[in-house]
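This is the structure I have questions about; it appears just below.
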Amino acid sequence: MNPYKDFKAVVKAGLESMTKAGNLAEGLDLARVAVEPPRDPAHGDLATNAALVLAKAAGIKPRDLGEALAEELRGHDEIEAAEVAGPGFINLRLRDSYWHNCLGAILRAGPAYGDSDIGQDVEVNVEYVSANPTGPLTVGHARGAVVGDAVAAILAKAGYSVTREFYINDAGSQVDTLAGSAYLRYREALGEEIGEIPSGFYPGEYLKAVGQALAARDGSKWLDRAEEDWMPEVRRFAIDALMDLVREDLAGLGIVQDVFTSERALVEAGGVDAVLETLVARGLIYTGTLEPPKGKTPEDWEPRPQTLFRATNFGDDVDRPIRKSDGTWTYFAGDMAYHLDKFRRGARIMINVWGADHSGYVKRMKAAVEALTERQARLEVMICQLVKLTRHGEPVKMSKRAGTFVTLREVIDEVGKDVVRFIMLTRKNDASLDFDLTKVMEQSRDNPVFYVQYAHARARSVLRHAAEGFPAISQAPDSLADGPLHRLTDSGELALIRLLAQWPRLVESAAETYEPHRIAFYLYDIAAAFHGLWTKGKDEARLRFLVEDDPELTAARLALIQGTAQIVASGLGVFGVQPVEEMR
RNA sequence: GCGCCCGUAGCUCAGUUGGAUAGAGCACGAGCCUUCUAAGCUUGGGGUCGCAGGUUCGAAUCCUGCCGGGCGCGCCA
């Protein structure tokens with residue numbers, strides 16, 4: 001039951017009947033007609049812009065058209081009042097019984113409430129994290145991880161067919177550096193004194209275990225060999241070990257992806273050659289020389305002919321090189337092969353979650369997807385801005401060089417995965433995010449994690465008390481839904497139901513815009529409304545949820561509380577956050 | 001120099017895809033609150049939505065140009 005959708009249909013039906021009666025031109029475009037919650041609740045329950053949007057085409061003044069439509073709508077059973085306001089909005093007030101039915105429907109639908117079919121099973125591939133497997137994940141990685149995971153969950157709830165994917169960047173020079181660093185630790189594990197880790201190698205302690213594991217498995221067999229001999233095997237070993245580490249870190253966040261694609265495997269299987277063939281056949285590859293970037297010519301710039309992809313045909317600023325001078329593929333070439341691979345596996349919408357340092361890469365990748373899929377698939381890139389980690393408002397130093405960078409693991413150990421996940425979703429992905437380790441543990445209204453969780457815990461607590469004090473009232477959602485919901489008459493109670501009924505709308509809008517943060521704000525609003533009701537009960541005993549001498553009223557209120565807990569749990573669910581039963 | 005992103009109350013941010021008088025929390029002022037789980041509630045002040053044009057019934061939202069900040073800019077990934 002989705003009031004906005006239901007009444008959009010009602011409004012359209014009203015318009016049609018006006019047309020039939022000859023009071024409205026035929027063939028009007030209703031696409032822009034919207035039914036929304038009004039900005040100011042005093043205006044009513046729902047508002048439609050129909051008269052404003054159609055006035056011009058219909059050749060009727062907005063307010064006149066509005067009045068006519070309002071009159072039409074007044075005939076509807078569930079509509080208590082329909083009034084024209086402002087420039088031509090129609091404000092609708094629905095009968096309380098409609099909202100009572102809504103609450104019943106919410107309870108009967110249970111966790112499925114809010115599910116949508118706007119996705120129409122379109123296959124979406126959400127690629128996130130995709131870090132170089134060269135070290136443990138950091139807080140920065142975590143943001144992309146959580147954002148990607150939440151968007152995937154929202155899209156799934158909105159009816160898309162979702163694949164969660166990780167692209168392993170295991171083909172470049174960075175994994176060679178990793179192998180070299182692991183080799184040093186391997187020699188160390190076999191008793192060699194290696195001293196300071198030379199610059200150009202990864203100094204992290206976490207590689208000691210990798211060196212030891214390799215020594216334990218292979219003994220001294222690689223010790224006196226040339227680099228070209230040990231490199232492939234040590235590299236493979238190190239990448240596997242580091243990917244295990246990365247997967248562990250992700251599991252710590254509650255993230256398990258469906259597909260892991262190896263760049264190296266893709267290249268070795270000839271994926272890039274296939275792409276090149278396709279593109280050559282379409283005349284999109286040529287050899288040319290690029291101009292240096294204006295205003296900032298690199299020191300060592302020298303013009304040289306390169307193999308280029310005609311990205312400018314698809315909206316990019318310059319054509320992009322796909323081959324390095326040593327003959328190997330650029331990262332971009334591999335990425336093209338990878339995206340073609342995703343397309344061949346069925347993806348029609350690809351969503352890539354990237355860090356801000358990759359923003360310069362967006363246009364060429366979109367161009368590539370357009371070219372490779374002949375516009376049958378679309379790429380969306382979500383850029384995640386920086387996470388500013390602080391403690392008591394003071395920046396936490398994160399310098400890789402000084403070895404003081406904070407790993408995701410440490411932060412999870414300190415505040416818990418649910419706090420990390422929720423906080424990462426409280427901002428638009430393209431805005432930077434403040435993460436204060438002390439603030440997020442505060443129990444106050446300006447800590448949204450606490451405030452939302454507390455609403456759920458408080459609701460569960462009341463239900464537990466009710467189970468003791470009112471054992472006759474069944475708390476099964478269906479029983480509560482069948483209860484005397486007409487007893488819910490307080491304005492705060494009805495306002496809360498209206499808010500709960502917005503959940504399907506929130507899911508759809510978050511899915512369409514790829515904006516999980518909307519759900520965080522929505523949950524905060526629910527929490528505020530619910531805490532508000534609870535507090536009212538402190539002042540007026542009559543408004544307390546549990547009313548000893550009125551089990552009927554109590555049953556109705558338990559339905560509302562159950563519904564609230566259910567929607568909060570649903571919202572936290574798509575965030576991958578476990579709702580808590582009690583605060584301790 | 002070019003491209004992308006951002007600019008809303010003292011601070012941190014929302015703003016329902018172009019709607020009505022631009023909202024919330026914190027902070028500040030005033031007054032309440034001792035419990036179904038306490039970590040709060042009510043209320044007041046506070047705005048040139050970076051600036052200037054444009055589009056239209058209507059702009060924080062769309063377009064153009066400036067100003068300020070972040071990121072990126074041929075064989076790094």
Side-chain angles (χ1 to χ4, degrees), chain A residues 4 32 34 36-40 43 47 49 52-53 55-56 61-62 85-89 91 130-132 134 169 171-175 263 289-298 301-304 306-308 316-332 334-335 355-363 381 383 385-386 426-428 430-432 434 439 442-448 450-451 454 457-458 461-466 468-469 502 505-506 509 512-513 517-518 520-522 524-525 528 531-532 534-539 544-547 582-584:
Chain A
Y4 306 95
R32 290 175 56 216
E36 296 173 330
R39 200 179 280 276
D40 183 348
H43 292 151
N49 61 355
L52 288 166
V53 181
K56 196 175 241 179
K61 276 191 266 179
F89 287 100
N91 291 325
S130 299
N132 290 305
T134 57
N169 298 145
S173 59
Q174 293 183 17
V175 286
E263 179 187 0
T289 307
L290 292 175
E291 297 288 314
K294 293 221 167 73
K296 189 210 162 206
T297 310
W301 179 272
E302 51 181 74
R304 57 172 81 89
Q306 291 173 293
T307 309
L308 300 171
D316 200 358
D317 308 313
V318 288
D319 293 334
R320 302 294 179 176
I322 59 169
R323 206 189 272 281
K324 303 183 204 170
S325 55
D326 67 0
T328 60
W329 300 112
T330 59
Y331 180 77
F332 179 54
D335 227 358
D357 52 339
H358 286 61
S359 57
Y361 199 74
V362 174
K363 275 193 180 183
V381 180
I383 294 292
Q385 289 294 339
L386 242 55
T426 53
R427 293 283 176 266
K428 268 195 280 276
D430 53 11
S432 67
D434 296 328
K439 180 65 130 303
E442 271 172 25
Q443 302 196 329
S444 73
R445 182 166 185 165
D446 63 325
N447 175 10
F450 163 76
Y451 200 61
Y454 187 36
R458 185 172 254 176
S461 166
V462 175
L463 291 166
R464 283 193 298 272
H465 277 271
E468 298 269 320
Q502 285 193 38
R505 185 185 149 78
L506 253 293
S509 78
E512 279 168 352
T513 56
H517 76 280
R518 293 182 183 218
F521 284 92
Y522 171 67
Y524 185 86
D525 287 344
H531 289 312
W534 193 92
T535 309
K536 259 172 137 179
K538 284 202 309 189
D539 299 336
R544 290 163 77 104
F545 296 143
L546 308 180
V547 189
E582 53 184 341
M583 307 295 293
R584 281 294 173 207

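All values derive from a computational prediction rather than experimental measurement. What you see below is based on every heavy atom in this structure, not just the backbone, and it leaves out hydrogens, waters and symmetry mates. Proteins come first, then strands; the chains are lettered A, B, ... in the order of their sequence lines, and each starts at number 1.
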Nearest listed nucleotide, side chain of Asn91(A), among rG19(B), rU37(B), rA20(B):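 For Asn91(A), the side-chain atoms sit closest to rA20(B).
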Spell out protein contact along nucleotides 3-10 of chain B as letters: B when the base is contacted, S when just the sugar-phosphate is, - when no protein heavy atom is under 4.0 Å; keep the 5' to 3' order. S-SS----
Test ring-ring contact (aromatic ring centres under 6.0 Å, His included) applied to Tyr451(A) - qualifying residues, sequence neighbours left out: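 ring-ring contact (aromatic ring centres under 6.0 Å, His included) list for Tyr451(A), sorted by chain: Tyr524(A), His531(A).
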Protein N or O to nucleotides 56-61 of chain B N or O, pairs below 3.5 Å:
unit_1	atom_1	unit_2	atom_2	d
rC57(B)	OP1	Lys56(A)	NZ	2.5

Which nucleotide, rU16(B), rA14(B), rA38(B), lies nearest any side-chain atom of Arg458(A)?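 Looking only at heavy atoms from C-beta outward on Arg458(A), the closest nucleotide is rA38(B).
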With heavy atoms under 4.0 Å as the rule, sort Ser173(A) into base, sugar-phosphate or nothing.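 Here Ser173(A) touches the backbone only, sparing every base.
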Provide, to the nearest angstrom, the distance between the OH atom belonging to Tyr361(A) and the C1' atom belonging to rG74(B).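 Rounded to the whole Å, the gap is 13 Å.
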Would you indicate which nucleotide in rA77(B), rC13(B), rG15(B) comes nearest to any side-chain atom of Asp434(A)?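 So the side chain of Asp434(A) is nearest to rC13(B).
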Would you classify Tyr331(A) as touching base, sugar-phosphate or nothing, given that sugar-phosphate means primed atoms plus P, OP1 and OP2, and contacts are heavy atoms under 4.0 Å?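 Base, at least one base heavy atom under 4.0 Å.
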Is the NZ or CZ atom of Arg320(A) positioned over Phe332(A)'s six-membered ring, under 6.0 angstrom from the centre and within 45° of the axis?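 No.
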Gln385(A) versus Ala356(A), closest heavy-atom pair with distance: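 Shortest heavy-atom separation between Gln385(A) and Ala356(A) comes out as OE1-CB, 3.5 Å.
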For RNA chain B, stems built from three or more consecutive Watson-Crick or G-U wobble pairs below 3.5 Å: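 Detected stem regions: B:1-7 with B:67-73, B:10-13 with B:23-26, B:28-32 with B:40-44, B:50-54 with B:62-66.
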Who pairs with Arg518(A) by salt bridge (Lys or Arg N to Asp or Glu O under 4.0 Å), at least two apart in sequence or on another chain?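 Scan of Arg518(A) (salt bridge (Lys or Arg N to Asp or Glu O under 4.0 Å), adjacent residues dropped) gives Glu515(A).
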For the side chain of Arg464(A), counting heavy atoms from C-beta on, which of rC13(B), rU37(B), rU16(B) is nearest?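 For Arg464(A), the side-chain atoms sit closest to rU37(B).
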Measuring from the side chain of Ser444(A) (C-beta onward, heavy atoms only), which nucleotide among rG40(B), rC36(B), rG74(B) has the closest atom?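 The closest nucleotide is rG40(B).
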Nearest-neighbour nucleotide for the Leu546(A) side chain, rC36(B), rU16(B), rC76(B) considered: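 Closest nucleotide among those given: rC36(B).
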Across the strands shown, which category fits Glu468(A) at heavy-atom distances under 4.0 angstrom: base, sugar-phosphate, nothing?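 The residue Glu468(A) makes no contact with any strand.
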rA20(B) base stacked by His43(A)? Criteria: ring centres under 5.5 Å, plane angle under 30°.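 By the stated criterion, His43(A) and rA20(B) stack.
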When only distance counts, do a donor and an acceptor, one from the side chain of Asp335(A) and one from the base of rA77(B), lie under 3.5 Å apart?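 Answer is no: no donor-acceptor pair is held.
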Closest approach to the side chain of Glu263(A), judged atom by atom: which nucleotide of rU12(B), rA77(B), rG40(B) is it?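 My answer, after comparing the listed nucleotides, is rA77(B).
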Between the protein and nucleotides 24-29 of chain B, which nitrogen or oxygen pairs are less than 3.5 angstrom apart?
none

Within this structure, what is the CZ-to-P distance between Arg320(A) and rG72(B), rounded to whole angstrom?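 In whole Å, rG72(B) P and Arg320(A) CZ are 15 Å from each other.
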Could you tell me whether the side chain of Arg544(A) has a donor or acceptor atom within less than 3.5 Å of a complementary atom in the base of rU35(B)?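 Under the 3.5 Å cut-off, the side chain and the base do not form any donor-acceptor pair.
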Considering every strand and a 4.0 Å limit on heavy-atom distances, what is the contact class for Ser461(A): base, sugar-phosphate, or nothing?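 Base, at least one base heavy atom under 4.0 Å.
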